[in-house]
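Here the structure comes first, spelled out in structure tokens, and everything after it is commentary.
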Amino acid sequence: MCTVCGCSDGEVEGHGNGDGHGHHAHGDIHFGQGLAGVAVGNMTQERLIEIETGILSENDRYAAGNRAKLTAMGVFCVNLVSSPGSGKTTLLCATIRAMGGGAAVIEGDQQTSNDAERIRETGAPAVQVNTGKGCHLDGHMVGHALDHLHLHSGDMLFIENVGNLVCPAAFDLGEDAKVAILSVTEGEDKPLKYPDMFTAARIALLNKTDLAPHCDVDLDLYESNLRRVNPTIDIIRVSARTGEGLDAWLGWLRAGSSAKHTARAAG
Amino acid sequence: MHEMSLCEGIRRVVDQVAGSGDITRVTRVRLEIGRFAGVEKPALEFAWAVVMRGSKAEGATLEMIDLPGRALCYDCMATVSIDHRLDPCPNCGSGKLMPDGGDEMRIKDMEVL
């Protein structure tokens with residue numbers, strides 16, 4: 001029995017289990033055909049019924065469950081968000097290799113398990129979630145993926161969201177922080193075009209800096225535009241190819257992880 | 001953005017509430033949407049008609065109430081009301097604004113028969 005929504009677990013691709021998604025034998029999970037039910041208390045009155053419920057309240061409940069579970073396990077979790085092609089997976093592989101262990105990954109894409117396979121080549125466990133037609137991961141999907149990972153205290157969990165700078169901003173997954181990845185080839189005004197995502201993120205990684213000399217881009221302008229939409233955002237310039245900035249990025253992750261452990265120990 | 005998913009979320013709540021008691025039909029649903037919620041209203045209207053088909057809220061009027069966008073200015077430290085995400089601070093003209101309200105997406109209430 002699935003502990004997230006009560007659906008029966010362990011389904012092989014092609015065999016529905018009535019909850020609208022299948023659970024794969026290889027740890028790949030497919031969504032896109034339906035969603036689980038919601039429980040809301042009865043509030044019937046005469047003709048006008050007060051509801052006062054958030055439209056995303058169901059997602060938020062799943063996300064809160066994921067957050068509680070990760071906190072209890074002592075796992076620091078980041079949600080990586082970006083446009084398609086910003087270099088998320090390559091950067092993630094470089095990050096995991098530099099960490100030398102203690103990483104696990106939930107990979108979100110509409111189709112294919114290519115990215116999870118690339119992650120597994122680094123030695124880190126990875127679960128692929130295919131959203132079907134969905135444009136974002138949600139709290140429910142991540143809850144299922146967590147059941148397929150064997151996490152240990154002190155691990156870092158990376159959730160690589162579907163490449164999309166719009167929808168994933170609104171969907172809490174239970175992470176400790178959203179990490180926006182922006183590559184230098186995308187244009188300095190990207191933060192102004194898609195402000196919501198960069199406002200929701202606690203840190204931005206300005207990726208592919210090795211390409212900057214070939215692209216006539218102004219890296220300082222990227223940074224000032226990021227701070228225009230989010231005055232408190234942390235920014236690190238990185239290159240997965242040359243390793244530039246990886247130490248600072250790992251330092252940011254470790255600081256976040258130890259702050260979480262300190263807060264947890266303090267109760 | 002993801003107006004179809006949002007409508008599916010609304011339908012789940014409406015079905016739950018309307019499923020109890022002797023409600024035969026939902027005639028109106030009112031939402032509160034913040035200016036910075038990223039919701040495209042015409043897309044939500046379109047998704048509404050499609051997603052509510054076959055439910056007690058089929059044909060119901062969808063009413064969206066705008067909630068203002070609020071932001072904290074990091075230069076004059078005032079909480080200000082702004083219409084657009086990239087507007088400057090109406091107080092001091094600074095561009096360093098951090099939204100701190102206006103991302104609401106709530107189902108307020110509904111009228112039923």
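The shown structure was predicted, so the numbers you read here are calculated from the model rather than taken from an experiment. Order of the sequence lines sets the chain letters (A, B, ...), proteins ahead of strands, with each chain counted from 1.
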Rounded to the nearest 0.5 angstrom, the CG-OG1 distance for B:Asp109 and A:Thr53 is 11.0 Å

Taking the side chain as everything from C-beta on, heavy atoms only, tell me whether A:Leu48 gets closer than 4.5 Å to B:Arg28. no

Looking at A:Val229 and B:Arg85, what are the two nearest heavy atoms and their distance? O-NH2, 2.6 Å

Please determine, by modelled atom types, if A:Ser57 and B:Arg106 share a side-chain donor-acceptor pair under 3.5 angstrom. no

Okay, B:Leu97 and chain A: the region with an atom under 4.5 Å from a heavy atom over there is backbone

Mark yes or no for whether A:Arg228, through its side chain, and B:Leu86, through its backbone, hold a donor-acceptor pair below 3.5 Å. yes

Between CE of B:Met98 and CZ of A:Arg227, what distance do you get to the nearest 0.5 Å? 12.0 Å

Would you compute the distance between atom CD1 of B:Ile10 and atom CG of A:Leu56 and round it to the nearest 0.5 angstrom? 9.0 Å

Any chance you could measure A:Ile55, atom CD1, to B:Ile107, atom CD1, to the nearest 0.5 Å? 5.5 Å

Decide yes or no for A:Glu52 and B:Lys108: does some side-chain heavy atom of the first lie under 4.5 Å from some side-chain heavy atom of the second? yes

Verdict with supporting geometry, B:Tyr74 and A:Thr232, side-chain contact (heavy atoms from CB on, under 4.5 Å): CA-CA 9 Å; B:Tyr74 271 66; A:Thr232 65; 3.1 Å; yes

Can you find a heavy atom in the side chain of A:Glu58 that is under 4.5 Å from one in the side chain of B:Val13? no

Considering only heavy atoms and a distance below 4.5 Å, find which of B:Met110, B:Glu111, B:Glu32, B:Lys96 pairs most often with chain A. B:Met110

